[in-house]
Amino acid sequence: MDRFIIHGGHRLRGDIVIGGAKNAALKLLVAGLLTSERLVLRNVPRIADITTMRRLLEQHGVTVEDIEGDGGTLAVGGSITNTVAPYDIVSQMRASILVLGPLLARCGEARVSLPGGCAIGTRPVDMHLKGLEALGAEISLEGGYINARAPRGLVGDRIVLPFASVGATENLLMASCLARGRTEIINAAREPEIADLVACLNSMGARITGSGSGTLTIEGVEALHGTTHSVMPDRIECGTYACAAAITGGELRLIGGRADHLGAVVRALEEAGVEVFQEDDALRVRRTGALRGVDIMTEPYPGFPTDMQAQFMALLSVAEGASMVTETIFENRFMHVPELNRMGARINVHGSSAIIRGVHSLSGAPVMATDLRASFSLILAGLAAHGETILSRVYHLDRGYEAVERKLAQCGAQIERVRD
Ligand SMILES: CC(=O)N[C@H]1[C@@H](OP(=O)(O)OP(=O)(O)OC[C@H]2O[C@@H](n3ccc(=O)[nH]c3=O)[C@H](O)[C@@H]2O)O[C@H](CO)[C@@H](O)[C@@H]1O
Ligand SMILES: C=C(OP(=O)(O)O)C(=O)O
């Protein structure tokens, strides 16, 4: 298992290119199951979750071709020969559940392992299943698997989601593209990654309106065709490096970064004393003065993203005064707190809120990554701390961040990957 060794105390300065969004690219690859023609995706991030998704799609029988040989442009094509998504892959990556809707819509059947929970929460899939039942699917659970059938095809319906779930919206959106008649998804999630998926599906011949709003309307079509689509930039990677500039008192130009995808994060950064400027093709982030404590609460988009909570908490741990961070999306997303406290932070958790009393400085320590974003919060703390931080279980980080050590080191960080 790889480790990172970080020597903190260096201000970061320079340019970082923001890659394609993990949470868009994964779903766009799955959309390739909706057509027998070639779906070409550009700007695909080179991260472990994409490798896992390729493995899942390939075992369904389709091909995933690496067109340029560098992992950045992938083409999904060919026929589906197997409608089973096995436990060993689904348990590695929860986004695997998203093959359920497309397989059902294309093949009339699917058997997908239940994903189960993960470090950040129990993460049930009841809304995915209820929504597919509303579209006419017959669903049963057996032996840890979801057995779904729609022998006469799916039929459009009006689905009201009790919560704006990102995954349920995406599963139902993809399934309903090939359902007969009209589907309405009410209280749909509004994350920009869903708008990116809608843009790709529409360019494949789907008829979806309401993109970016809480109501998606889908007029089903007989078949979708191939297209070429470029994955949107990763707003969470961008927000994460913005926190790196802020916590080190440096200045970074985040190329491809878009303030309009990061409204709540930009507002919180500015309130904390960080300057953020949108330039033509980049977000410039700089801190010259002291960091001030702020209160944040995670919410569905356009609220403050839960996927930025851990990184922001690292920042607030060295801000003047007290801050409160409330997590409303996942019930167990404070796993980074004890690790940050081992580095000298003063954070107390009370239910779904954490009170952070800012400290003057952190000190390097051996710490352990517990999930993807928690991993980066510990890197951020290590960049600001005096002394050496050794971060183990870096495989969590590799799920979703491309070339972390290269991107940070080229801006002045002292960070090294040690392969065991
Ligand atoms: C691959 C991907 O894109 N992952 C993102 C996606 O996860 P994901 O799609 O899993 O997140 P959801 O929006 O579905 O989940 C939000 C909350 O709803 C609950 N829930 C969800 C579905 C359901 O059927 N029943 C139910 O109770 C979940 O347990 C969670 O507490 O959105 C999350 C919220 O922005 C992000 O943190 C993840 O990075
Ligand atoms: C929670 C995340 O991803 P996943 O839904 O794949 O676990 C994330 O990207 O922070």
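We count ligands from 1, going down the list as the structure has it; atoms in each ligand are counted the same way. We count residues from 1, following the sequence as given.
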For Glu170, what residues pass the side-chain hydrogen bond (donor to acceptor under 3.5 Å, both in side chains) criterion, not counting sequence neighbours?
-> Lys27
Reported CZ-to-OG distance for the pair Arg357 and Ser323, which is rounded to 0.5 angstrom = 10.5 Å
Among all protein heavy atoms, pick the one closest to atom 34 (C) of ligand 1 and tell me residue, atom and distance.
-> Thr306 CG2, 3.9 Å
Only one of Arg373, Arg333, His336 forms a side-chain hydrogen bond (donor to acceptor under 3.5 Å, both in side chains) with Gln309, so which one is it?
-> His336
Near Val125 (heavy-atom distance under 4.0 Å), the atoms of ligand 1 are 23 (C), 24 (O)
Taking both backbone and side-chain atoms of Asn23, is any N or O found less than 3.5 Å from an N or O belonging to ligand 1?
-> yes
Electrostatic pair Glu275-Arg287, nearest N-O below 4.0 angstrom = no
Is Gly167 in polar range of ligand 1, meaning some N or O pair under 3.5 Å apart?
-> yes
Per-atom filter on ligand 1: closer than 4.0 angstrom to a heavy atom of Phe163 are 16 (C), 17 (C), 18 (O)
Provide the number and element of each atom of ligand 1 under 4.0 Å from a heavy atom of Lys27.
-> 1 (C), 2 (C), 3 (O)
Between Asp126 and ligand 1, is there a nitrogen or oxygen pair with a distance under 3.5 Å?
-> yes
Protein contact to atom 24 (O) of ligand 1 [nearest heavy atom, distance to 0.1 Å] = Met127 N, 2.7 Å
Is the shortest N/O to N/O distance between Val166 and ligand 1 below 3.5 Å?
-> yes
Please confirm whether Ala164 comes within less than 3.5 Å of ligand 1 when only nitrogen or oxygen atoms on both sides are compared.
-> no
Residues Arg235 and Glu193 bridged, charged N to O under 4.0 Å = yes
With a distance cut-off below 6.0 Å to the six-membered ring centre and an angular limit of 45° from the axis, does Arg111 pair with Tyr145 as a cation-pi contact?
-> yes
Could you state the interatomic distance from OG (Ser317) to CG (Leu291), rounded to the nearest 0.5 Å?
-> 9.5 Å
Salt bridge present between Asp398 and Arg417 (N-O < 4.0 angstrom) | yes
Kindly tell me which protein residues have any non-hydrogen atom under 4.0 angstrom away from an atom of ligand 2, grouped by chain and ordered by number?
-> Lys22, Asn23, Ile120, Arg123, Asp307, Arg333, Leu372, Arg373, Arg399
Asn23 and side chain to side chain contact (heavy atoms under 4.5 Å, CB included): which partner among Val166, Asp307, Asp234?
-> Asp307
Pairing of Arg253 and Asp281 as salt bridge, 4.0 angstrom limit | yes
among protein heavy atoms, the one nearest atom 14 (O) of ligand 1 is Ser165 OG, 2.6 Å
Under 4.0 Å to a heavy atom of Pro124 - the qualifying atoms of ligand 1, by number = 20 (N), 21 (C), 22 (C), 23 (C), 24 (O), 25 (N), 26 (C), 27 (O), 29 (O)
Got a protein heavy atom sitting under 4.0 Å from atom 19 (C) of ligand 1?
-> no
Counting from 1 in the order shown, the ligand 1 atoms closer than 4.0 Å to a non-hydrogen atom of His128 are 24 (O)
Per-atom filter on ligand 1: closer than 4.0 angstrom to a heavy atom of Arg333 are 37 (O)
For ligand 1, is there an N or O atom under 3.5 Å from any N or O atom of Ile329?
-> yes
For Ser113, side-chain hydrogen bond (donor to acceptor under 3.5 Å, both in side chains) partners two or more places apart | none
Under 4.5 Å between any side-chain heavy atoms of Ile18 and Ile255, yes or no?
-> no
Contacting atoms of ligand 1, where contact means under 4.0 angstrom from a heavy atom of Asp307 | 36 (C), 37 (O), 38 (C), 39 (O)
Does the side chain of Arg393 reach to within under 4.5 Å of the side chain of Thr370, using non-hydrogen atoms?
-> no
If you measure every N/O of Arg123 against every N/O of ligand 1, is any gap under 3.5 Å?
-> yes
Got an N/O contact under 3.5 Å between Glu331 and ligand 1?
-> no
Residues passing the side-chain hydrogen bond (donor to acceptor under 3.5 Å, both in side chains) test with Arg38, sequence neighbours excluded, are Glu65
Should the pair Arg3-Asp420 be classified as a salt bridge under the 4.0 Å nitrogen-to-oxygen rule?
-> yes
